[in-house]
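Single-structure report; data block below.
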Protein chains: 2
Amino acid sequence: MSTPRRTDARRNRARLVAAAAELFDEVGADATAMNDVARRAGVGPGTLWRHFADKDALIAEVVGDSLDNLAALAADLRAEPRALRRWVVELVRHISRYRGLVDAIAHAGPDGPLGGRCHAVEAATADLVERARAQGEVRADLTATEVVRLAMAVAWVNEAVTPPDTADRLLSLIFEGVDR
Amino acid sequence: MSTPRRTDARRNRARLVAAAAELFDEVGADATAMNDVARRAGVGPGTLWRHFADKDALIAEVVGDSLDNLAALAADLRAEPRALRRWVVELVRHISRYRGLVDAIAHAGPDGPLGGRCHAVEAATADLVERARAQGEVRADLTATEVVRLAMAVAWVNEAVTPPDTADRLLSLIFEGVDR
DNA sequence: GGATAATACGGAGTATCACTCCGCTTCGGC
DNA sequence: GCCGAAGCGGAGTGATACTCCGTATTATCC
């Protein structure tokens, strides 16, 4: 299924991913009419759903490379000071790439196509949290799960409300704290 | 519309609100089949939608009293120490009352039925932020809008992910800060 | 290059759900 | 009790994620 045998099938699959990426850019990954993805790719709806089990699988395919690159970035950041903070900024940016993406990620089961793509990101976060704690840069009781959730929370609220704050501002509040 | 003339209409309206509150408790305010609300109230779908312009109006009616009580609470908190922190805890609790409620609030236009119900809450937040800043309890550049958004972000992430953290834990991270 | 089986396509169809429309019923002032 | 206004019921609508299957295309074997 992931790499179809016939050449027309491979071509159509690539077209579908490209069309979906375009439409996600334009109208977001949430309310998009999936039939439009098929139409833009020049295929029928049936073809769309033979290549992707459901909407989540399509989203996972579209953002997959982006998430993989993100996870790879963690290695570069490791040695730098305040790596965790920089990492979270990138994390928020990536999961805000398309409108509705955070929501899809949050509601994706860990074993689904989208959730699976996130494992490397979670592992990278855990690594950076561990290092930041060792350096004494962050509070000792901070967990990777909490960091991911705070990032998702920021990404969500920024796309849910109008006008959006800058993500940087909310992250500044969270990292440096609201209290004085 | 808000107070129908005929007694049967008033009775049906009350039944609809009660039925909606029950269903929101059971399955949340998001994916609820609105027809079920009508059926549980013992009326037809047409009756539901004559009393409430749309789903948002129904939600607003169900949570209206709760939000009004919340806004009233702000007055009691004003004089207490760390009033803002306590306020935000209550704020998160109220907007997490039903699954899907935060989402509905976030996407409600400020002039819609739900958005309108939130104005008093926003005003109360602004008041408490102002006082907290004056006391030097929080950073001087903190705005009420930011506080509301952080509360919504926490409420959302707690219902979006499994297993949920406690809201208190995330609020602790946010108020006291992640950095050391 | 033709036959054949495996593979893939198209698009009408389905289920679900928020919401609408309108003919019929019920209420309540007189 | 009459009658107009107010309200009701529920089939219908439009949008949309997803399915089914008869048909077309491709790859393989000779």
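Residue numbering restarts at 1 for every chain, and letters A, B, ... go by the order of the sequence lines. Not measured: the values here are computed from a predicted model.
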- Message: With a cut-off of less than 4.0 Å, is there a side-chain N or O of Thr47(B) near OP1 or OP2 of dG7(D)?
- Response: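 It does not, given that no N or O in the side chain of Thr47(B) lies less than 4.0 Å from OP1 or OP2 of dG7(D).
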Nucleotide [N], atom [atom2] - distance to [atom1] of [X] in whole Å:
| X | N | atom1 | atom2 | result |
| --- | --- | --- | --- | --- |
| Asp36(A) | dT16(D) | CG | P | 8 Å |
| Arg6(A) | dC9(C) | CZ | P | 7 Å |
| Asp54(B) | dC19(C) | CG | P | 5 Å |
| Arg39(A) | dG10(C) | CZ | P | 13 Å |
| Leu16(A) | dA17(D) | CG | P | 14 Å |
| Arg5(B) | dA6(D) | CZ | P | 6 Å |
| Leu48(A) | dC20(D) | CG | C1' | 15 Å |
| His51(B) | dA6(D) | NE2 | C1' | 10 Å |

- Query: Base, sugar-phosphate, or nothing for Asn12(A), non-hydrogen atoms under 4.0 angstrom?
  - Reply: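 Sugar-phosphate contact only - Asn12(A) comes under 4.0 Å of backbone atoms but never of a base.
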- Task: Answer yes or no: is there a donor N or O on one side and an acceptor on the other, between the side chain of Arg40(B) and the main chain of Ala19(B), under 3.5 Å?
- Result: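 Between the backbone of Ala19(B) and the side chain of Arg40(B) there is no qualifying donor-acceptor contact (under 3.5 Å).
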- Test side-chain contact (heavy atoms from CB on, under 4.5 Å) on Ser96(A) and Leu101(A) and set out the steps. CA-CA 6 Å; Ser96(A) 303; Leu101(A) 178 57; over 6 Å; no
- Which one, dA18(C), dC8(D), dA17(D), comes nearest to the side chain of Ala33(A)?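 Of dA18(C), dC8(D), dA17(D), dA17(D) is nearest to the side chain of Ala33(A).
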- Message: Given dC9(C), dA18(C), dA11(D), identify the nucleotide with an atom nearest to the side chain of Ala9(A).
- Response: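 Shortest atom-to-atom distance from the side chain points to dC9(C).
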- For Asp8(A) and Val43(B), take the nucleotide of DNA chain D holding the closest heavy atom to each; which residue's nucleotide lies nearer the 5' end?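 It is Val43(B), whose closest nucleotide lies nearer the 5' terminus.
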- Item | Upstream residue (5' side of DNA chain C) when Thr7(B) and Gly44(A) are each assigned their closest nucleotide |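 Whichever sits nearer the 5' end wins; that is Gly44(A).
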- Nearest-nucleotide comparison on DNA chain C, the residue closer to the 5′ end among Arg11(B) and Lys55(B):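 So the residue in question is Lys55(B).
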- Message: Looking at Arg93(B) and Glu90(B), is any side-chain nitrogen of the basic one under 4.0 Å from a carboxylate oxygen of the acidic one?
- Response: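 The answer is yes: the pair qualifies as a salt bridge.
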- Item | Cationic N near anionic O, under 4.0 Å, Asp56(A) to Arg117(A) |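 Not counted as a salt bridge, because no side-chain N and carboxylate O are separated by less than 4.0 Å.
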- Task: Can you label the angle between the Tyr98(A) ring and the Phe24(A) ring as parallel, tilted or perpendicular, going by 30° and 60°?
- Result: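 Rings of Tyr98(A) and Phe24(A): perpendicular, over 60°.
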